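Quick one: the structure is below, and I'll ask about it shortly.
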Amino acid sequence: MNYIIFHHHFIDNPNGLFMRLAKHCTLMTQMVLDRITASINSLEKKPVHLLIPDSCDYFNNQNNKHITKFDSKADSFNLDLNSINANGTYIQLINGQYRTHIDKSILKEVFKNIDADIIEINVSPELLSYREKVRFTTQDKIAGFSRRYNASARITDPGSNWPHRLYIKPSQVSKISPEKNIPLDYHRFIENSKNNDLKIISLDVAGSRLDLNSKSDLLNILRNHLKNSYLSQSQQNNHYQNNIHQSVRVFDDVYIGNNVKIGKGSVIVGPTIIGNNIEIGENTLIRSSMIPSNTQINDQMIIENKFVFEQDHTHQVTNPQDDKGEYYHSYLYNTRAVSKVEQINNFRTWKGLCYQNHLKRLFDIIAAVIVLTLFSPIIPIIALVIKISSPGPVFFGHKRQGLHGKEFKCWKFRSMVVGADDLQAALRFINEVDGPQFKIEDDPRINGVGHFLRETCLDEIPQFINVLMGEMSLVGPRPSPEKENSLCPPWRDARLSVRPGITGLWQVCRTRQQSQDFQEWVYYDTQYVKNISIKKDLWICWATVKQLFVRFINNLF
């Protein structure tokens, strides 16, 4: 059996947003209750009962709802268990203040693996799959990123207030109270259960949650679930009867009641509910709002993301910039998909005439020409040694993401055996660094001359061709494939704001501390993009040359 219970503190709160809506807009109340009912994912299809204090009169005419009133002055409510099998599945009590959604497969796993008399569930969006959380140190530096790849649940301590959902075995209700009354005070409910040796398990479970006393959450329900299109056939026939000027423009899902007058030049953008007996002035914009019955809206008003109530009518603002953003200038939102050009706005941009946009590119071309010229005598020698020491091509090209995510082939002298990428998956379990990167000492995939080429960084000489082609820069974050960048969107958006580099701040500053390398990678990449300058690029180049010289000498001797 499923019960939706509306507790006293929610119903009797004079400032509660949902109860004010219930008083002014029956349609909004019906719609919200429909969505709460539809969101219940029990293991079996069972009727839904609304448990409401008798002090509340706003739910009396709800269609297809089994409404049970309980004494608002009592300290408990009664469950009608006559039609419930005492050995059946759990009774589900849902907190009416919240509209929650839990995937049915997760609930099945909970009931399959947990045996308890009472299961307390609170819905936590943080446990949903593909959610990322940034972790900071006490000094506000990035410590790392965590990402959940599967929706999950975790055991927690029992709460002091009614949870989002409560599951009780029917056979145990009499132990909580011989009269089968459930205490309204949750603390007393838990104490009674513990005193009767009932096993209680509390869980946080992945799912979505909307608070009916939250303006933003109610607007979310309005946006996602209003299906009464304004231009239905019946409403078209009532268009002029309602005295709606022919110049009025309506977009998306809008519900308009009876005896409504809308002045010329007004724009109504859904999702919006306009009640009965309403007069809306000329050149008025209403978007994503609820206008209750018996309301008058002045000319040239802008009402956006707002629920209008009686006390609001006498002091409608005339300046859209007033009222702390409740009313403000806006534009009509287009529901088309975001284009790739718009997505680029996630990346950092710079003014037209600056080092990052012009001088840095000129510096890259000059440096690439100089390096390729200096190394031109030994490039054929390196190619010959690779060919003799290991079968396969001289060069190796790997797809990486460059500026704004554009893919290119990053070229190197081949330092590993052919098919090294396929072998990486088999060696992943002995990876010696954290994050998406892969590194092990004495890598068996390295070919005969590969160790020397990698230690001296001679294998990266072909990347100066990438620099000449504009795919890379001399200095910048190291290029990574899409699968690595996707593991950390904030880091990805920062590092893809600039061309990837042959060397970078991470390369010269990293400490290679165990379990800290990826965090340093993220930190130094974001710091470079944030503070990019010609001075920093020159310092990184100088630090890189010193490192390469030391490594070259060490490998020779």
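As the structure is a computational prediction, the values presented were derived from the model and not from experiment.
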Among all residues two or more places apart in sequence or in another chain, which pass the side chain to side chain donor-acceptor pair (under 3.5 Å) test with S160? none
State the OG1-CD distance between T295 and E279, to the nearest 0.5 angstrom. 11.0 Å
Can you list the residues that meet the side chain to side chain donor-acceptor pair (under 3.5 Å) rule with N113, with sequence neighbours excluded? E109
Nearest 0.5 Å, please: how far is CG in N283 from CG in N298? 13.0 Å
As an exercise, state the distance from CD1 of I4 to CZ of R165, rounded to the nearest 0.5 Å. 9.5 Å
Set of residues satisfying side-chain contact (heavy atoms from CB on, under 4.5 Å) with respect to K406, sequence neighbours excluded: none
Closest approach of R209 and P125, non-hydrogen atoms and distance? NH1-CD, 3.5 Å
Between the main-chain N or O of N305 and the side-chain N or O of S288, is there a donor-acceptor pair closer than 3.5 Å? no
Mind checking whether E407 and E482 have side chains closer than 4.5 Å, heavy atoms only? yes
Is it the case that the side chain of S193 and the backbone of E191 share a donor-acceptor pair, with hydrogens and angles ignored and the cut-off at 3.5 Å? no
Let's go through I5 and L184 carefully: what are the C-alpha distance in whole Å and the side-chain angles of both, what is the deciding distance for side chain to side chain contact (heavy atoms under 4.5 Å, CB included) to 0.1 Å, and is it a yes or a no? CA-CA 10 Å; I5 177 169; L184 286 169; 4.3 Å; yes
What is the minimum heavy-atom distance between V529 and A494, and which atoms define it? CG2-O, 3.3 Å
Return the set of residues passing side chain to side chain donor-acceptor pair (under 3.5 Å) with N277 (not counting sequence neighbours), or none when no residue passes. N259, N294
Just jot down the side-chain contact (heavy atoms from CB on, under 4.5 Å) partners of D299, sequence neighbours excluded, or say none. E282
I'd like to know if the side chain of N276 reaches the main chain of N258, judged simply by a donor and an acceptor atom lying under 3.5 Å from each other, with no hydrogens or angles considered. yes
Check residues 117-124 and write down every donor-acceptor pair under 3.5 Å in which the side-chain atom is one partner and the other belongs to a residue at least two apart or another chain.
| unit_1 | atom_1 | unit_2 | atom_2 | d |
| --- | --- | --- | --- | --- |
| D117 | OD2 | K199 | N | 2.8 |
| E120 | OE1 | Y186 | OH | 2.4 |
| E120 | OE2 | G159 | N | 3.1 |
| E120 | OE2 | S202 | OG | 3.3 |
| N122 | OD1 | H164 | N | 3.2 |

Sorted by chain and residue number, the salt bridge (Lys or Arg N to Asp or Glu O under 4.0 Å) partners of D217 (sequence neighbours excluded) come out as none
Do you know which two heavy atoms are closest between Q300 and T284, and how far apart they sit? N-OG1, 3.3 Å
Value for CZ (F6) from CG (L212), rounded to nearest 0.5 Å, stands at 7.0 Å
Separation between CD of E304 and CD1 of I286, rounded to the nearest 0.5 Å: 11.5 Å
Judged by atom type as modelled, is there a donor-acceptor pair below 3.5 Å linking the side chain of D103 to the main-chain atoms of S105? yes
I'd like to know if the side chain of N196 reaches the main chain of K175, judged simply by a donor and an acceptor atom lying under 3.5 Å from each other, with no hydrogens or angles considered. yes
Treating S266 as the side-chain partner and G281 as the backbone partner, does any N or O pair qualify as donor plus acceptor under 3.5 Å? yes
Any side-chain heavy atom of I244 within less than 4.5 Å of one from V250? no
So Y167 and L107, do their side chains get closer than 4.5 Å, heavy atoms only? yes
Closest heavy-atom pair, Y90 versus A116, reported as atoms and distance to 0.1 Å, is OH-O, 2.6 Å
Qualifying residue, where the test is ring pair (Phe, Tyr, Trp, His ring centres under 6.0 Å) with W506 and the options are W521, Y524, F518: W521
If the condition is salt bridge (Lys or Arg N to Asp or Glu O under 4.0 Å), which residues does D115 pass it with, not counting sequence neighbours? K169
Would the distance check show the side chain of T156 and the main-chain N or O of L203 forming a donor-acceptor pair, the cut-off being under 3.5 Å? no
Got N95 and N161 here, is their nearest side-chain heavy-atom distance under 4.5 Å? no
Can you name the closest pair of heavy atoms from V269 and V254 and give their distance? C-CG2, 4.0 Å
Correct closest heavy-atom pair for Q172 and L198 would be OE1-CD2, 3.2 Å
For S214, what residues pass the side chain to side chain donor-acceptor pair (under 3.5 Å) criterion, not counting sequence neighbours? S216
Those residues that, when tested against R188, pass salt bridge (Lys or Arg N to Asp or Glu O under 4.0 Å) (two or more places apart): D75
Rounded distance [0.5 Å steps], CG in D204 versus CD in E126: 9.0 Å
Please tell me whether F189 and W162 form a close aromatic pair, meaning their ring centres lie under 6.0 Å apart. yes
Apply side-chain contact (heavy atoms from CB on, under 4.5 Å) to A153 and list each qualifying residue two or more places apart in sequence or on a separate chain. V205
